[in-house]
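The structure appears right after this line, and notes come after that.
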Amino acid sequence: MGFLLKYLLEPYGLGLLGYEVGLLGSLFLIIYMMLYGIPNKNNYNDNTSGVITIIEMIKKVPFELADQFCFILFDNEEKGLLGSKAFYKQHQNDGINNKYIINFDCVSDGDNLLFIHKNIDCNLIDSITKYQNKGKKQLIVESHKKAIFPSDHKKFANFIGVGAFNKNKTLGLYLGRIHTYRDIIFDEDNIFLLRDIFLSINHHL
């Protein structure tokens with residue numbers, strides 16, 4: 001669009017202006033389509049996988065421990081963490097800052113499971129890393145100061161943000177295929193591994 005407007009307006013001495021207007025217009029169009037355009041029907045990883053992980057955990061929680069957990073499904077993360085921010089605002093005076101928030105977002109496409117944490121007990125972190133050698137999955141535990149994973153956990157004081165990442169030599173860890181028609185990878189091994197990890201360490205939560 002920028003080059004087209006530049007070509008059309010060049011004879012009038014407005015080529016540069018046309019290019020900049022076209023560039024900004026394209027940017028706003030892309031943002032609008034992301035937020036309000038046609039819904040992506042392929043969302044196996046983002047974030048069907050997170051929802052299924054929670055459902056699998058609910059199914060496996062022993063009845064006598066059920067009152068120790070609270071399972072929450074947030075919405076509108078892409079629009080600025082609206083769901084998690086609203087939840088935090090509603091409960092900020094109810095001791096939510098003393099609870100551990102574990103967020104599962106995009107956990108089914110990638111063999112590198114990243115656990116980003118903030119203000120989490122060291123024993124809990126050690127318990128996660130004990131699963132390191134129990135399969136082909138690579139467990140990576142990092143402080144929120146060393147890794148970036150923007151998602152619904154960001155608003156809370158004590159959190160673990162969990163995501164599945166692919167890896168290559170140039171990019172390092174990366175999320176691929178989300179928000180595209182190629183988001184059709186659903187690795188059940190990731191789901192069951194995360195379920196088992198967090199249910200087994202519930203005494204640290």
Side-chain angles (χ1 to χ4, degrees), residues 31 33-37 39-61 66 68-110 112-121 124-125 128 139-166 173-180 183 185-187 190-199 201-202 204-205:
I31 293 174
M33 291 301 294
M34 287 176 61
L35 296 177
Y36 306 107
N40 180 22
K41 295 181 180 180
N42 295 334
N43 53 17
Y44 288 45
N45 188 35
D46 185 18
N47 190 30
T48 299
S49 64
V51 174
I52 297 299
T53 301
I54 289 176
I55 291 174
E56 285 296 324
M57 291 182 69
I58 292 173
K59 288 164 57 178
K60 291 292 184 177
V61 171
Q68 298 182 20
F69 295 86
C70 178
F71 297 96
I72 311 160
L73 302 178
F74 294 127
D75 199 3
N76 288 314
E77 182 257 341
E78 275 86 2
K79 294 182 180 180
L81 311 181
L82 297 184
S84 55
K85 285 182 177 178
F87 179 85
Y88 177 82
K89 183 177 181 180
Q90 183 177 359
H91 295 282
Q92 60 183 331
N93 297 322
D94 300 335
I96 193 67
N97 287 324
N98 298 321
K99 305 294 183 181
Y100 285 163
I101 302 296
I102 302 172
N103 178 44
F104 301 99
D105 190 0
C106 302
V107 295
S108 69
D109 182 6
N112 302 277
L113 298 176
L114 178 63
F115 302 79
I116 294 181
H117 60 92
K118 178 181 180 183
N119 297 331
I120 298 297
D121 184 89
L124 176 55
I125 300 301
I128 293 174
L139 306 186
I140 304 166
V141 181
E142 288 286 359
S143 165
H144 72 288
K145 297 179 180 179
K146 295 183 178 181
I148 298 175
F149 181 27
S151 186
D152 284 310
H153 54 267
K154 299 291 288 185
K155 185 63 180 177
F156 299 94
N158 316 300
F159 66 71
I160 300 177
V162 187
F165 288 75
N166 291 286
L173 297 178
Y174 68 95
L175 284 172
R177 292 180 277 266
I178 61 173
H179 300 172
T180 74
D183 184 359
I185 307 299
F186 192 86
D187 187 343
N190 286 8
I191 307 300
F192 298 143
L193 176 59
L194 291 173
R195 176 200 66 191
D196 294 344
I197 287 176
F198 282 99
L199 288 182
I201 61 176
N202 68 80
H204 289 302
L205 299 176

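Predicted, not measured: the structure shown is a model, and the values here were computed from it.
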Those residues at least two apart in sequence (or on a different chain) that pass side-chain hydrogen bond (donor to acceptor under 3.5 Å, both in side chains) with Asp183 are none
Shortest non-hydrogen separation from [X] to [Y] and the atoms involved:
| X | Y | value |
| --- | --- | --- |
| Ile178 | Cys106 | CG2-SG, 4.1 Å |
| Ser108 | Asn45 | N-OD1, 2.9 Å |
| Asn166 | Gly176 | ND2-N, 4.3 Å |
| Tyr44 | Ile185 | CB-O, 3.8 Å |

Please confirm whether the backbone N or O of Asp46 pairs with a side-chain atom of Asp105, one donor and one acceptor, at under 3.5 Å?
-> no
Ignoring hydrogens and geometry, is there a side-chain-to-backbone donor-acceptor pair from Asn158 to Tyr100 under 3.5 Å?
-> no
Which of these passes side chain to side chain contact (heavy atoms under 4.5 Å, CB included) with His153: Val162, Leu81, Asn103, Ile160?
-> Asn103
With a cut-off of 6.0 Å (strictly less than), are more than 12 heavy atoms of other residues, nucleotides or ligands near NZ of Lys99?
-> no
Are the side chains of [X] and [Y] in touch, meaning some heavy atoms are under 4.5 Å apart?
| X | Y | result |
| --- | --- | --- |
| Phe87 | Asp152 | no |
| Glu77 | Ser151 | yes |
| His179 | Glu78 | yes |
| Tyr88 | Asn97 | yes |

Distance-only side-chain donor-acceptor flag, Asn43 / Thr48, under 3.5 Å = yes
Among Tyr174, Phe165, Phe159, Phe104, whose ring-ring contact (aromatic ring centres under 6.0 Å, His included) with Phe149 holds?
-> Phe165
